[in-house]
Amino acid sequence: MADARRWQQQGGGDSAKLCEALALFHAGDFKAAGAQMEALVPTLGKDDPRAAASLLGRAGWAWLRAGDQGRAERLYSAALDKTPGDVDLLIDRAFARAEGERFWDAVADLDAALTRDPKRADAYLYRASAQKALSNYRQALADIDRALELKPGDPEAILLRGNVKALGGNLGAARDDWSLARRVAPDSEWGRAAADNLARTAEVAGAKGKEAGKDTAKPKSP
């Protein structure tokens with residue numbers, strides 16, 4: 001950031017301001033970063049739609065990290081106006097829409113992205129998450145299976161598959177997936193989440209067992 005500001009003082013212009021915006025983003029000042037990148041679109045993206053779309057997309061991500069899902073979605077939509085059908089932008093907008101609990105709109109964006117690039121494992125996984133939120137468990141599992149075909153052994157997909165199976169009432173199969181996710185990537189966030197799920201379900205099962213034991217041992221009323 002200090003280098004970017006010195007560059008501005010030396011006449012670096014908008015390129016130096018962009019450098020500063022990126023530094024702000026990585027420093028965690030997402031609102032300032034998003035606002036600065038938005039402000040640079042009319043100049044740095046004036047004669048280049050792809051450059052404008054890139055800036056709008058980066059600004060969208062900054063605002064999403066800042067917690068402003070609505071502003072992020074608007075920026076992604078503006079970016080897609082510049083470069084229609086851009087797969088990365090469709091996936092990013094889907095993520096923003098899901099953050100705003102607009103799951104059907106997220107599915108629509110992911111459908112469009114996968115029509116253009118059916119090899120995107122991340123898009124299948126995001127669509128599975130949206131389908132899970134909509135309680136469409138069969139569709140979610142189908143998308144997870146496709147993601148795992150493209151990216152075998154992915155702990156995030158295995159964890160999600162376990163979560164979907166648990167919601168669908170198949171706790172035994174869910175625990176198998178959580179155990180697998182923990183074995184595949186024990187030190188990852190997904191492995192740790194899987195371990196937490198296993199621990200919680202074990203506690204619940206133990207409590208139910210104790211309760212059942214109490215009931216059977218309880219003397220009948222006279």
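Numbers here simply count residues along the sequence, with the first being 1. This is a predicted model, so every value here is computed, not measured. The analysis underlying the following values was restricted to heavy atoms, covering all of them including side chains, and did not include hydrogens, waters or symmetry mates.
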Is it the case that one hydrophobic cluster holds both L22 and F30, taking links as side-chain heavy atoms less than 4.5 Å apart, direct or via other members? no
Step-by-step side chain to side chain contact (heavy atoms under 4.5 Å, CB included) determination, L64 to L75: CA-CA 10 Å; L64 191 60; L75 288 164; over 6 Å; no
Side-chain heavy atoms nearer than 4.5 Å, only ILVMFWY residues, links allowed to pass through others: does that put L167 and L160 together? yes
Nearest non-hydrogen partners of A59 and G34, listed with the distance: CB-O, 3.8 Å
Is a side-chain N or O of E20 found less than 3.5 angstrom from the main chain of M1, in a donor-acceptor match? no
Derivation and outcome, side chain to side chain contact (heavy atoms under 4.5 Å, CB included), residues D145 and R161: CA-CA 8 Å; D145 287 344; R161 187 172 65 184; 4.0 Å; yes
Main-chain N/O of D86 paired to T83 side chain as donor or acceptor, under 3.5 Å: no
Should Y126 and L148 be counted in the same cluster of Ile, Leu, Val, Met, Phe, Trp and Tyr side chains packed under 4.5 Å apart? no
Under a 3.5 Å distance rule, please check whether R192 uses its side chain to pair with a backbone N or O of D187 as donor and acceptor. yes
Rounded at 0.5 Å granularity, tell me how far CD1 in I158 sits from CG in D177. 7.0 Å
Is it true that D122 and R120 make a salt bridge, defined as a side-chain N closer than 4.0 Å to a carboxylate O? yes
Distance-minimising heavy-atom pair for R175 and L198: NH1-O, 3.1 Å
Would you sort out whether D92 and W61 count as a side chain to side chain contact (heavy atoms under 4.5 Å, CB included), showing the intermediate values? CA-CA 8 Å; D92 288 343; W61 181 239; 5.7 Å; no
Rounding to 0.5 Å, atoms CG (L56) and CE (M37) come to a distance of 10.5 Å
Could you pull out the closest heavy-atom pair between K151 and A121, with the gap in Å? CB-CB, 4.1 Å
Beyond-backbone contact of L90 with L110, side-chain heavy atoms, under 4.5 angstrom: no
Distance in Å, R5 CZ paired with C19 SG, rounded so as to fall on 0.5 Å steps: 10.5 Å
Quick check on the hydrophobic clustering: are L180 and L150 connected, directly or via other members, by side-chain heavy-atom contacts under 4.5 Å? no
May I ask you to check whether over 12 heavy atoms, not counting those of K82, lie within 6.0 Å of atom NZ? no
Does a side-chain heavy-atom distance below 4.5 Å link W63 with E38? yes
How many angstroms lie between atom OH of Y137 and atom CD1 of I144, to the nearest 0.5 angstrom? 12.0 Å
Minimum heavy-atom separation for A106 and A94, please, with both atom names. CB-O, 3.4 Å
Would you say E101 has more than 12 foreign heavy atoms packed within less than 6.0 Å of its CD? no
So do the side chains of W178 and L159 get within less than 4.5 Å of each other, counting heavy atoms only? yes
Test side chain to side chain donor-acceptor pair (under 3.5 Å), reference R127, set D111, N136, D109, output is D111
Indicate every side-chain donor-acceptor pair of residues 9-18 with a distance under 3.5 Å to a residue at least two apart or in another chain.
residue	atom	partner	partner atom	Å
D14	OD2	T43	OG1	2.9

With rounding to the nearest 0.5 angstrom, report the CD to CD distance, Q139 to Q131. 5.0 Å
Could you go through the side chain to side chain contact (heavy atoms under 4.5 Å, CB included) check for E73 and E99 one step at a time? CA-CA 10 Å; E73 183 181 345; E99 286 289 297; over 6 Å; no
Indicate the atoms forming the closest heavy-atom contact of A173 with K165, along with that distance. CB-CD, 3.8 Å
Nearest heavy atoms of R146 and P118, plus distance in Å: NH2-O, 3.9 Å
Decide whether F103 and Y124 are clustered together by the hydrophobic rule: side chain heavy atoms of Ile, Leu, Val, Met, Phe, Trp, Tyr closer than 4.5 Å, transitively. no
Any chance CZ of R58 has more than 12 other-residue heavy atoms, nucleotides or ligands included, within less than 6.0 Å? no
For the atom pair CG (D29) and CD (Q36), what is the distance rounded to the nearest 0.5 Å? 10.0 Å
